[in-house]
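So the structure is just underneath, and the comments pick up after that.
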Amino acid sequence: GQPVSRWMITPAVSANWNIKKSLMPDNKVFDKLSVDLSWGRTAKLFNDDRFAAGPQYRTEYGWSEEPTIIAYNGHLGVNRPYTSGWVGYGIKAPYTDRLNLGITSTFLNKHVHASILVYNKDDRNLLINMAVPSETGFNSKFENGMWINNKGVDFILNADILQNSKAFNWSTGLNFNFNKNVLKAL
């Protein structure tokens with residue numbers, strides 16, 4: 001990362017509560033019933049090394065894998081990144097915060113498995129390529145600030161219809177989900 005954001009702390013925490021064991025030990029319907037809660041922060045890597053380096057010169061000789069290599073076939077070819085956008089100092093590392101709440105159950109003698117997961121995911125400090133006045137000589141400038149929120153619900157139902165270890169097994173599953181994305185800041 002850049003000098004202002006070279007390091008990032010990425011904590012995570014999770015908890016699990018076995019409801020079956022603590023509240024319903026004699027219940028014959030549920031084989032397993034638990035609640036999970038987790039939160040974590042994950043650093044997002046830059047997809048190009050120039051975001052970590054800050055202002056620089058680069059080549060436009062077709063080294064798409066490594067644009068900071070300054071020579072090709074014995075010829076120097078260094079220029080400012082006018083067409084690819086200005087990268088200044090102060091670019092912060094993007095990160096993701098995620099919160100999950102899930103309920104998992106197994107019942108009918110472990111033949112049916114069901115789970116529901118509610119989640120909220122925030123992608124923050126994302127880079128965006130902003131237009132700049134043409135007098136600068138650049139097409140654009142990269143800046144932090146984009147924030148995308150993603151929230152939703154996943155429901156999963158799996159069933160073991162037939163279980164015969166010697167001949168034929170039949171399992172089926174259903175997955176329903178709802179997802180909503182919102183651009184919170186630009």
Side-chain angles (χ1 to χ4, degrees), residues 1-23 30 32-56 58 64-68 80-106 112-133 136 138-158 173-186:
Q2 289 193 345
V4 295
S5 65
R6 189 154 302 188
W7 305 103
M8 176 181 284
I9 296 173
T10 56
V13 64
S14 67
N16 174 281
W17 180 30
N18 188 334
I19 297 172
K20 163 88 167 116
K21 188 175 181 180
S22 62
L23 296 180
F30 291 103
K32 175 186 175 188
L33 182 61
S34 64
V35 175
D36 299 298
L37 179 66
S38 64
W39 176 86
R41 174 169 287 174
T42 307
K44 296 174 79 75
L45 298 177
F46 290 119
N47 61 354
D48 189 331
D49 67 349
R50 66 193 166 121
F51 298 123
Q56 76 240 220
R58 59 186 276 136
S64 60
E65 295 83 17
E66 181 52 68
T68 56
R80 284 300 226 175
Y82 295 115
T83 58
S84 58
W86 170 254
V87 177
Y89 289 117
I91 300 288
K92 298 176 185 167
Y95 63 91
T96 299
D97 286 337
R98 183 163 179 144
L99 176 67
N100 296 322
L101 173 64
I103 299 173
T104 304
S105 65
T106 303
V112 179
H113 312 274
S115 67
I116 187 165
L117 175 69
V118 180
Y119 59 90
N120 185 55
K121 178 180 159 197
D122 284 312
D123 290 314
R124 296 179 183 247
N125 279 347
L126 298 174
L127 289 178
I128 186 165
N129 205 354
M130 302 293 289
V132 294
T136 66
F138 294 92
N139 291 344
S140 59
K141 175 185 178 182
F142 286 94
E143 293 183 4
N144 283 110
M146 191 163 59
W147 169 19
I148 299 173
N149 177 264
N150 174 283
K151 59 181 73 172
V153 178
D154 288 336
F155 176 72
I156 300 169
L157 181 66
N158 295 316
L174 294 171
N175 183 358
F176 299 101
N177 56 20
F178 170 77
N179 189 31
K180 183 178 180 183
N181 290 307
V182 176
L183 180 63
K184 295 282 195 168
L186 190 56

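When reading the values below, keep in mind they use all heavy atoms of this one structure, side chains included, and skip hydrogens, waters and symmetry mates.
Between the CZ atom in Arg124 and the NZ atom in Lys184 there is a gap of 9.0 Å [rounded to 0.5 Å]. Here the CD1-CD distance, from Ile128 to Glu143, works out to 9.0 Å after rounding to the nearest 0.5 Å. Here Asn177 contributes atom CG and Phe155 contributes atom CZ; the two are 12.0 Å apart, rounded to the nearest 0.5 Å. If you take CD1 on Ile116 and CG on Leu101, they are separated by 9.0 Å, rounding to the nearest 0.5 Å. Atoms OG1 and CZ, on Thr42 and Arg98 in that order, are 9.0 Å from each other to the nearest 0.5 Å. Rounding to the nearest 0.5 Å gives a distance of 11.0 Å between NZ of Lys151 and CG of Asn179.
There is a side-chain donor-acceptor pair under 3.5 Å between Asn120 and Asn149.
When all heavy atoms of Asn129 and Phe142 are compared, the closest pair comes out as ND2-CZ, 3.6 Å. Across all non-hydrogen atoms, the minimal contact from Thr10 to Ala43 is CG2-N, 3.7 Å. Asn18 and Ser34 get closest at one heavy-atom pair: CA-CB, 4.2 Å. Taking both residues in full, the closest heavy atoms of Ser115 and Thr104 are given as CB-OG1, 4.0 Å, listed atom of the first, atom of the second, then distance.
Two residues are said to be in side-chain contact when any heavy atoms from C-beta on lie closer than 4.5 Å; Thr96 and Asp122 fail this criterion. The closest side-chain heavy-atom distance from Asn125 to Lys44 is not below 4.5 Å. Put simply, the side chain of Phe176 does not reach to within 4.5 Å of the side chain of Leu157, judged on heavy atoms. Ile19 has its side chain within reach of Val35: a pair of non-hydrogen atoms, C-beta onward, lies under 4.5 Å apart.
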